[in-house]
Amino acid sequence: MQNSSDFSKGSISGNILRLAVPMTLAQLINVLYNVVDRIYIGHIPHTSTEALTGIGLTLPVITIITAFANLFGMGGAPLFSIARGSGDEKKAEKIMANSFSMLLISGILLALLCFIFRRPLMYLFGASDVTYPYADAYLSIYLCGTLFVMVSLGMNNFINAQGFGVMGMLTVSIGAVLNLILDPIFIFVFHMGVRGAALATILSQFVSAVWVFRFLTGEKAVIRLPRTLARPQLSIVKDITGLGLSGFVMSITNGSVQIMCNAMLQRWGGDLYVGIMTVINSVREIITMPVNGLTSGAQPVMSFNYGAGEYRRVKAAIRFTSVACIIFSLAAWALLFFFPHFFIHLFNSEPELLEKGVPAMRLYFFGIFMMALQFAGQSTFVALGRSKQAVFFSLFRKVIIVIPLTIFLPAIGFGTDGVFLAEPVSNFIGGTASFVTMLLTVWPRLKETQPPHTQR
């Protein structure tokens, strides 16, 4: 068990894939929690498009909840790995305990605030009088399971950081399979509609959260989570949030972009185009998960070797991750360009949505291969504890490029196409800037410190 969590030995690609393959599967399965809801809801007779659009309006709230899970989960896990790599297991345990406490505290606050302000939030996000009832029905129930989402998503990072990639995959697999089973029962058998989809999701997340907690407090964990809730230590929380700020900002800015896109599409195209964006966001979640899984699998390996002073292995991990991300995203782009009907049909079969959705999807996903460079550069910054660079490039692509273009392009004559065009422009500019900066600032500093015979 100890050997499997020592990333300074064995091949770099083998270590990364040993974590990345199950993590990729886990993240793809995790996407099913919400995507499966949309697939079933998008095929409800007579109200499919309105219900699907209503669910799409809740995506920014779900994204914000995910952002806080990233803040304390993805922020704590690299620090945890660095501490383990340097042999300081007590510090690693404290980091994990503080992350857990902050996940619980932020989860409670988020659930309360979002529930109280859900009506104005939904209308701000692009709801109409037709779609709001569906959004409200789903969100009111989903928020009851916020704590389960925070624990299952946030603390699963610490299972993966200890080298238990398969166990991390099982964490989300169990909940996702349960969701897959419960969704049609609640939606169609019990005729609960969108409420049934939300209930299935939070019950499934509850099971995943229990699984994570039991594993991290059990005998199989290399470093165990204390069963008593730790009082947050300011210095540790500051370090966690500093490093997790990158993933947090990326998720928050993703939520902000979703809000802006829905609002602009409601203005220039109406409910139909908000529904199209819901489908596109769902497809994007599926397509980008393998890249997320690969970079997430590489981060513990990079962090551990960086903490151990094995800089040649860190470079090898960066090379492997970058090349693999680019190859996969090129293949994904080809699939989306040539077979858009297949992806749209997964979520909705209305002729009008298909007619307008195909050109919108081709436009939105053009240049998605350049986003691989953003992911590769971003994950390297996070893994090596360079929070400032990671945060900057999270803000740069979304806030400085996408949001202004989403407002500006429709106004100068592009209409709804302008909203979809903003994404590929940001991929080219943001991806290039992130990756080149990483090569110029991080790469030269990774000088050899170990004798050649000790590195592989």
Side-chain angles (χ1 to χ4, degrees), residues 1-20 23 72-99 155 157-165 168 216 221-225 233 235-247 294-321 376-390 438 441-456:
M1 188 177 300
Q2 290 286 350
N3 288 338
S4 69
S5 61
D6 185 352
F7 303 127
S8 64
K9 296 180 174 62
S11 72
I12 283 293
S13 58
N15 280 329
I16 291 175
L17 290 175
R18 181 166 54 82
L19 288 180
M23 286 174 74
F72 301 115
M74 293 179 66
L79 291 174
F80 175 88
S81 294
I82 291 172
R84 280 188 60 238
S86 61
D88 193 346
E89 292 196 355
K90 269 196 175 302
K91 182 178 180 182
E93 182 183 299
K94 286 182 180 179
I95 291 168
M96 180 165 57
N98 274 260
S99 292
M155 294 308 294
N157 290 287
F158 292 93
I159 294 179
N160 293 318
Q162 296 185 47
F164 297 101
L216 288 176
V222 176
I223 298 176
R224 297 181 194 175
L225 176 69
Q233 295 178 240
S235 60
I236 295 178
V237 172
K238 184 179 178 182
D239 289 339
I240 290 171
T241 53
L243 193 53
L245 203 57
S246 166
L294 183 62
T295 54
S296 296
Q299 280 181 18
V301 178
M302 290 184 200
S303 298
F304 187 98
N305 283 287
Y306 186 69
E310 295 276 0
Y311 297 143
R312 181 186 294 181
R313 294 176 65 82
V314 178
K315 282 187 170 183
I318 295 172
R319 279 194 297 266
F320 176 78
T321 304
Q378 194 86 11
S379 65
T380 301
F381 289 133
V382 172
L384 304 191
R386 295 173 171 266
S387 57
K388 289 182 180 179
Q389 292 96 323
M438 183 273 293
T441 60
V442 173
W443 193 266
R445 294 176 180 270
L446 296 173
K447 300 187 182 298
E448 311 293 347
T449 60
Q450 301 291 330
H453 69 275
T454 67
Q455 302 183 22
R456 304 179 188 182

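Keep in mind that the numbers below use all heavy atoms, side chains included, and drop hydrogens, waters and symmetry copies. The model shown is predicted, which means the values in this text are computed figures rather than measured ones.
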Determine whether a donor-acceptor pair (N or O, by modelled atom type, separation under 3.5 Å) exists between the side chain of [X] and the backbone of [Y].
| X | Y | value |
| --- | --- | --- |
| Asp239 | Leu79 | no |
| Ser86 | Ala83 | yes |
| Ser99 | Phe72 | yes |
| Asn98 | Gln233 | yes |
| Gln162 | Ala221 | no |

Where is the tightest heavy-atom contact between [X] and [Y], given as atom of each residue plus distance?
| X | Y | answer |
| --- | --- | --- |
| Val222 | Phe164 | CG2-CE1, 3.8 Å |
| Ala383 | Met302 | CB-CB, 3.7 Å |
| Met155 | Met96 | CE-CG, 3.7 Å |
| Pro78 | Leu243 | CB-CD2, 3.6 Å |
| Phe80 | Ala161 | CD2-CB, 3.8 Å |
| Asn157 | Gly73 | ND2-C, 3.6 Å |

Say you draw a straight line from [atom1] of [X] to [atom2] of [Y]; how long is it, rounded to the nearest 0.5 Å?
| X | Y | atom1 | atom2 | result |
| --- | --- | --- | --- | --- |
| Ile12 | Glu310 | CD1 | CD | 8.5 Å |
| Lys90 | Ile223 | NZ | CD1 | 11.0 Å |
| Leu17 | Ser11 | CG | OG | 8.0 Å |
| Leu294 | Thr321 | CG | OG1 | 5.0 Å |
| Ile236 | Lys91 | CD1 | NZ | 8.0 Å |

Are [X] and [Y] close enough that some pair of their side-chain heavy atoms sits under 4.5 Å apart?
| X | Y | result |
| --- | --- | --- |
| Asn160 | Ser296 | no |
| Val301 | Val314 | no |
| Trp443 | Thr380 | no |

*Sequence neighbours left out, what passes ring-ring contact (aromatic ring centres under 6.0 Å, His included) with Tyr306? Give chain and number order.*
Tyr311
*Can you sort out the partners of Asn305 under side chain to side chain donor-acceptor pair (under 3.5 Å), two or more places apart, ordered by chain and number?*
Arg313
*asked:* So, using side chain to side chain donor-acceptor pair (under 3.5 Å) as the criterion, who are the partners of Gln299 when residues are at least two apart?
replied: none
*Can you check side-chain contact (heavy atoms from CB on, under 4.5 Å) on Glu93 and Arg224, steps first, answer last?*
CA-CA 7 Å; Glu93 182 183 299; Arg224 297 181 194 175; 5.8 Å; no
*Show the numbers, then the answer: is there a side-chain contact (heavy atoms from CB on, under 4.5 Å) between Ile318 and Met438?*
CA-CA 10 Å; Ile318 295 172; Met438 183 273 293; 3.7 Å; yes
*Going through the distances and angles, do Phe304 and Asn15 end up as a side-chain contact (heavy atoms from CB on, under 4.5 Å)?*
CA-CA 11 Å; Phe304 187 98; Asn15 280 329; over 6 Å; no
